[in-house]
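Worksheet: the structure to be examined is printed underneath.
All values reported here derive from a predicted model rather than from experimental measurement.
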Amino acid sequence: MHDLPSDSLAFALLVFMLGLKHGFDADHLATIDGLTRYNAPLRPRLARFCGSLFSIGHGAVVVAIAIGASLLSRGWVAPEWLESTGTWISISFLVLLGVLNLRAVYAAQPHEMVRPVGLKGRWTGRLGRAAHPWGIALVGALFALSFDTVSQAALFAMAGVQAGSWGLAAGLGLTFMGGMLLADGMNGLWIARLIARADSTARIASRVMGLAVAGISLLVAAWSMMRMLAPSLDAWGEGKALYLGLSVMAVIFASFFIGLRLGRAVVEVPG
């Protein structure tokens, strides 16, 4: 699944970073975007918290799976093929999401904001137009029923099994949820702010973030593919998951501020 640091603090930081990175998944961004846009006209206060509510529902399922799996899987060892299969599935989805979001940026009209593109959001049906906090949390919970999220929960469960405590699995699940909540909550506030502005700043900022999401998806997919195909590179990457996660987050936050800065610079230039 992931390289796990032996130091408990480093492990906790890695899990938090995994949650933060998971929250910036293109499917999360696209679904929170849709929920926020749907609620913004009549329920602007709820719209600002769509990301947080989505993340709470999503994280609750992760914690529940981690606890349940840790209690039921004592003595169970995951087969080797499971990790490689999961990695190739993730690579395929990352490439597809990267290409779709790149296309969305270049296909958007000059007067339009770029909307992130996801895959899972198409499965939610009417729930994608939830207008109640519980409904939004339910959408997040449904998103947790996927291979990538279950594999994260299985990681925490196995750590709990090794430590002989389901409490550790629960703690890691909550730590993961904390990172995801930060990312999803910020995204909901960000989208609500862009919708409220609907000016050149919002349009430029949405393009910069769209390019960042697409670029990161493709780069992470390329990195994962190279590690699968090149054993020497895989060995070099041992123990560096935390630093790579920090790098991804740095790019996301830099894109956020660069987008706002570029948009304001355009506004300040006399027409």
Joint cluster assignment, Met186 & Met17, ILVMFWY side-chain distance < 4.5 Å | yes
Sequence neighbours excluded, which residues qualify as side chain to side chain contact (heavy atoms under 4.5 Å, CB included) partners of Ala222?
-> none
If you measure from CG on Leu96 to OG on Ser217, what distance do you get to the nearest 0.5 Å?
-> 10.0 Å
Closest heavy-atom pair, Ala130 versus Gly135, reported as atoms and distance to 0.1 Å, is CB-C, 3.7 Å
Atom CG of Leu53 and atom CG of Asn39: how far apart are they, to the nearest 0.5 Å?
-> 9.5 Å
Parallel, tilted or perpendicular for His22 and His28, by the 30°/60° rule?
-> perpendicular
Identify the heavy atoms of Val95 and Leu218 that sit nearest to each other, and give their distance.
-> O-CD2, 3.8 Å
State, to 0.1 Å, how close Gly173 and Val63 come at their nearest heavy-atom pair, and which atoms those are.
-> C-CG2, 3.6 Å
When rounded to the nearest 0.5 angstrom, what distance separates CG in Leu13 from CG in Leu20?
-> 11.5 Å
Do Thr31 and Phe54 pass the side-chain contact (heavy atoms from CB on, under 4.5 Å) test, and can you show the C-alpha distance, the side-chain angles, and the key distance before you say yes or no?
-> CA-CA 9 Å; Thr31 303; Phe54 175 94; 3.9 Å; yes
Closest contact, heavy atoms only, Val15 versus Phe176 = CG1-N, 3.6 Å
Roughly how far, to the nearest 0.5 Å, is the CG atom of Leu29 from the CH2 atom of Trp190?
-> 11.0 Å
Heavy-atom pair with the smallest gap, counting every atom of Leu46 and Pro133 = CD1-CG, 4.0 Å
Atom pair CZ/CE of Phe16 and Met177 - distance to nearest 0.5 Å | 12.5 Å
Flag yes if Leu189 and Met180 sit in one hydrophobic cluster, no otherwise; membership is Ile, Leu, Val, Met, Phe, Trp, Tyr, and two members link when side-chain heavy atoms are under 4.5 Å apart.
-> no
Residues two or more places apart in sequence or in another chain: which of them pass salt bridge (charged side-chain N to carboxylate O under 4.0 Å, His left out) with Arg37?
-> Asp33
Do Thr175 side-chain atoms and Gly171 backbone N/O form a donor-acceptor pair below 3.5 Å?
-> yes
Qualifying residues under side chain to side chain contact (heavy atoms under 4.5 Å, CB included), relative to Ala170, sequence neighbours excluded = Ile67, Trp166
Inter-residue atom distance Ile136.CD1 - Thr36.OG1, 0.5 Å rounding | 8.0 Å
Start with the C-alpha distance between Ser52 and Leu181, add both sets of side-chain angles, then the distance that settles side-chain contact (heavy atoms from CB on, under 4.5 Å), and finish with yes or no.
-> CA-CA 6 Å; Ser52 299; Leu181 182 59; 4.0 Å; yes
Would you find more than 12 non-hydrogen atoms of other residues, nucleotides or ligands less than 6.0 Å from Arg43 atom CZ?
-> yes
Residues Val114 and Ala108: closest non-hydrogen pair is CG2-CB, 3.8 Å
